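Written below as structure tokens is the structure these notes are about.
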Amino acid sequence: MKYNIPRGTFDILPEDSYKWQFLQDSFRKFAICFGYQEITTPIFEVSELFERSSGESSDVVQKEMYRFCDKKGREFALRPEGTAPVVRSYVENNLDKLSKRSKLFYLGPMFRYDRPQAGRYRQFYQYGIEFIGSNNPYYDAEVIAISMLWLNSLGLNKLRLEINSVGCPDCAVLYDKALQEYYRPFLGKLCPDCQNRFNTNPRRLLDCKVPSCIELRDDAPSQLNYLDEPCEKHFEAVCNYLQAMKIKYIINPRIVRGLDYYTNTAFEIVYEGLGAQNSLAGGGRYNGLIEQIGGKSVPAIGFAGGFERLLIALEEEKINYAEKPKPDAYLVCLGENVRLEVLTYLNDLRIKGLIVDYDPDKNSMKAQFKAADASGAKYAIIIGEDELANKTINLKNLQTGEQIRVAMNAEDTKQRIRAKI
RNA sequence: GUGGGUGUAGUUCAACGGCAGAGCACCGGAUUGUGGUUCCGGGCGUUGUGGGUUCAAAUCCCAUCACCCACCCCA
């Protein structure tokens, strides 16, 4: 019986895993420099957490969640996104009592039952930041900056940062009304989906890709004209901070976040060349969410980005961001007795942190040297009966061909190899 | 959930009704303790799976599964 990987998932094979490790480490370091700390939550939570936070009407909740019941009939879901679990943990562990601000980041897999497509998977890996505890627009800019500057640091420069403000719930109500007034005369001209959206979620009308709907959209009122004073000031301040940070952006009043919990700032980082799924990262402010799921009213802002799309973009730009790790040395042995006696030395090298490759199945020197070349090892350590008897090794630099005979001493070998790197 | 395209060796692809092949990768060898180049040798793989048409199917038809792309949605 042969088994297939579940649809929409993928294996990260050894030939690629170093890239993932590099990107994950890189993001960790970056976030830490901005004062953020890692938080890791389970990959499943009670379904209700997501239903509450994302909104019952959202696509995520409606059709994309992997749900299951445990033996006691409790209903869980594999997490479709990272913010709700982090906020759950924040509330549950009283992180607000520890400090007024919580600066958190996370990495890990998310799950959505979607039809797979370029840059879209059922299990996908996200990196994200959540800042909880202040409504200061500086933090909006900081979170946006982290997401943008990190991508820049990897060598991605052809990015477009789009920002918008969806206002607070009060503004949203006014804006929804304005939209409905605008669209009402054209109701008959809208696509069936949009006729639905007209009532359930008017702001989604702006997101439609049907040509006739796009045409109508051009003259539709802008959210930005329906912000109350505090929201307008907030948005202006965010823009000012971004300018002060010299981060280029464009204001796109049509950015609508899919999840219900967003307020005020919404942003997206777009990379053309990803196909239809061209959003590398996205996020926004969610001042209402924490209270909504049982905490105090605390303002917060965050974002999440997808590793798969990032990988595609880096590949597309032909950026050499990570180097494949190669062995420091390859051990070439001759003779059965040698193979036995050399093992403590070999283990010592490895314990000391050298990457040493060795293959007991390769007999001839030729085969062993070929393997050494293929592995990309910088040195070969050659040991035969002679060397063993004298407690020495031949250390050969595989690039220059230079070879020296030195003591069989792991520490000494390590020093010599490190010195020449 | 809806459309379109594609499934042949580990991989990239040929063969397009008539004997299933090549490049790359992989393994071994070229006088027994020194590699990268070169040369030689090594391939029966349920042609994704199951049916059907035909004297004959990788090839045509149907179904199914998987992948890719798009709608939708978003990371």
Side-chain angles (χ1 to χ4, degrees), chain A residues 2-10 13 15 54 57-65 79-83 107-128 147 151 191-194 196-197 201 204 207-210 255-259 266-271 274-283 302-313 330 332-335 338 359 361-388 394-403:
Chain A
K2 222 176 160 186
Y3 297 99
N4 288 327
I5 194 169
R7 178 146 210 219
T9 67
F10 55 91
L13 299 171
E15 63 196 49
S54 300
S57 68
S58 66
D59 277 19
V60 168
V61 171
Q62 288 276 312
K63 48 190 185 188
E64 294 172 4
M65 280 217 291
R79 62 183 182 194
E81 56 106 19
T83 299
L107 296 164
M110 306 294 163
F111 305 84
R112 285 186 204 174
Y113 190 89
D114 245 5
R115 189 89 171 241
Q117 195 181 324
R120 190 170 78 186
Y121 300 90
R122 290 183 172 177
Q123 175 171 342
F124 55 102
Y125 294 81
Q126 284 193 332
Y127 57 94
S147 60
L151 296 174
C191 72
D193 279 342
C194 281
N196 244 329
R197 294 182 179 124
N201 195 346
R204 294 231 76 110
D207 235 6
C208 187
K209 280 163 194 156
V210 176
I255 290 187
V256 185
R257 306 269 74 209
L259 308 176
F267 73 97
E268 204 160 308
I269 297 173
V270 175
Y271 173 77
L274 282 181
Q277 313 298 323
N278 63 4
S279 171
L280 267 183
F303 86 92
F307 277 112
E308 294 79 7
R309 293 179 190 180
L310 175 53
L311 246 9
I312 295 170
Y330 190 98
V332 175
C333 280
L334 288 139
V338 173
D359 183 351
D361 283 324
K362 297 233 185 309
N363 295 317
S364 71
M365 281 196 93
K366 184 173 193 104
Q368 293 186 72
F369 270 98
K370 272 195 168 178
D373 286 324
S375 75
K378 295 159 195 105
Y379 289 86
I381 295 171
I382 306 134
I383 305 177
E385 294 290 353
D386 230 38
E387 288 80 0
L388 184 66
N394 284 313
L395 185 63
K396 179 171 186 174
N397 182 318
L398 288 170
Q399 272 120 52
T400 63
E402 194 183 330
Q403 180 172 320

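Just so you know, these numbers use all the heavy atoms, side chains as well, and skip hydrogens, waters and symmetry mates. On a predicted model such as this, the values are computed, not experimentally measured, just so you know.
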Quiz item: Where do A:Ile312 and A:Tyr271 land on the side chain to side chain contact (heavy atoms under 4.5 Å, CB included) test, with the steps shown first?
Solution: CA-CA 10 Å; A:Ile312 295 170; A:Tyr271 173 77; over 6 Å; no
Practice problem: Figure out the CD/P separation between A:Glu15 and B:C24, and round it to whole Å. | Solution: 19 Å
Quiz item: A:Ala281 and A:Tyr127: which non-hydrogen atoms are nearest, and at how many Å?
Solution: CB-OH, 4.2 Å
Practice problem: With heavy atoms under 4.0 Å as the rule, sort A:Gly8 into base, sugar-phosphate or nothing. | Solution: sugar-phosphate
Quiz item: When you compare B:G17 with B:C73, how far apart are their P atoms, in angstrom units rounded to a whole number?
Solution: 44 Å
Exercise. Classify the side chain of A:Gln399 and the base of B:G36 as holding, or not holding, a donor-acceptor pair under 3.5 Å.
Key: no
Practice problem: Give the B/S/- string for nucleotides 2-13 of chain B, one per nucleotide from 5' to 3', where a protein heavy atom under 4.0 Å of the base yields B, of only the sugar-phosphate yields S, and otherwise -. | Solution: BB----------
Quiz prompt | For RNA chain B, stems built from three or more consecutive Watson-Crick or G-U wobble pairs below 3.5 Å | solution = B:1-7 with B:65-71, B:10-13 with B:21-24, B:26-30 with B:38-42, B:48-52 with B:60-64
Self-check item: Whichever of A:Asp114 and A:Ala377 has its nearest RNA chain B nucleotide further upstream toward 5'
Solution: A:Ala377
Quiz item: What is the distance from atom CG of A:Leu395 to atom CD1 of A:Ile383, rounded to the nearest 0.5 Å?
Solution: 10.0 Å
Quiz item: Can you check side chain to side chain contact (heavy atoms under 4.5 Å, CB included) on A:Glu385 and A:Val338, steps first, answer last?
Solution: CA-CA 6 Å; A:Glu385 294 290 353; A:Val338 173; 3.8 Å; yes
Quiz prompt | Nearest-angstrom distance, C1' atom, B:C26 to B:G7 | solution = 24 Å
Practice problem: Would you classify A:Gln403 as touching base, sugar-phosphate or nothing, given that sugar-phosphate means primed atoms plus P, OP1 and OP2, and contacts are heavy atoms under 4.0 Å? | Solution: base
Quiz item: So what does A:Gly335 touch, heavy atoms closer than 4.0 Å: a base, only the sugar-phosphate, or nothing?
Solution: nothing
Practice problem: Go through B:G1, B:C69, B:U34 for me and flag the one nearest to the A:Tyr113 side chain. | Solution: B:G1
Exercise. Whole angstrom is fine here: how far is it from OH in A:Tyr330 over to P in B:G36?
Key: 14 Å
Quiz item: Which heavy-atom pair separates A:Lys396 from A:Gln403 by the least distance, and what is that distance?
Solution: CD-OE1, 3.4 Å
Exercise. Could you grab the distance from atom CD of A:Gln399 to atom OH of A:Tyr379, nearest 0.5 Å is fine?
Key: 8.0 Å
Self-check item: Side-chain donor/acceptor of A:Glu308 to backbone N/O of A:Tyr125, under 3.5 Å
Solution: yes
Exercise. Would you kindly give the CD-to-P distance between A:Glu402 and B:G35, to the nearest whole Å?
Key: 17 Å
Listed pairs under 3.5 Å, donor-acceptor, residues 365-373 of chain A side chains, sequence neighbours left out:
residue: A:Gln368; atom: OE1; partner: A:Cys333; partner atom: N; Å: 2.9
residue: A:Gln368; atom: NE2; partner: A:Cys333; partner atom: O; Å: 2.8
residue: A:Gln368; atom: NE2; partner: A:Asn363; partner atom: O; Å: 3.2

Quiz item: What is the distance, rounded to the nearest whole Å, between atom NZ of A:Lys396 and atom C1' of B:G36?
Solution: 10 Å
Practice problem: Tell whether A:Gln117 reaches the base of B:C72 with its side chain through a donor-acceptor pair below 3.5 angstrom. | Solution: yes
Quiz item: Rounded to whole angstroms, how far apart are CZ on A:Phe10 and C1' on B:A66?
Solution: 17 Å
Quiz item: B:U38 P sits how many Å from A:Lys370 NZ, rounded?
Solution: 10 Å
Exercise. Would you mind reading off the distance between A:Asn363 atom CG and B:U32 atom P, rounded to a whole angstrom?
Key: 15 Å
Quiz item: A:Ala367 side chain: which of B:A75, B:G36, B:G28 is closest?
Solution: B:G28
Quiz item: What heavy-atom pair brings A:Arg115 and A:Arg120 nearest, and what distance separates the two atoms?
Solution: O-NH2, 2.6 Å
Exercise. Nearest-nucleotide wise, let me know which of A:Lys362 and A:Lys366 is further upstream toward the 5' end of RNA chain B.
Key: A:Lys362
Quiz item: Does A:Arg309 reach the main-chain N or O of A:Leu280 with its side chain, forming a donor-acceptor pair under 3.5 Å?
Solution: no
Quiz prompt | Separation of A:Arg122 CZ from A:Asp114 CG (nearest 0.5 Å) | solution = 8.0 Å
Quiz item: Ring stacking, A:Phe307 with base of B:A75, under 5.5 Å and under 30°?
Solution: no
Quiz item: Once you round it to whole Å, what is the distance between P of B:C69 and CZ of A:Arg7?
Solution: 12 Å
Quiz item: With respect to the side chain of A:Arg120, which nucleotide from B:C72, B:A66, B:G35 is positioned closest?
Solution: B:C72
Practice problem: With C1' as the reference atom in both, quote the distance from B:A22 to B:A75 in angstrom, rounded to an integer. | Solution: 41 Å
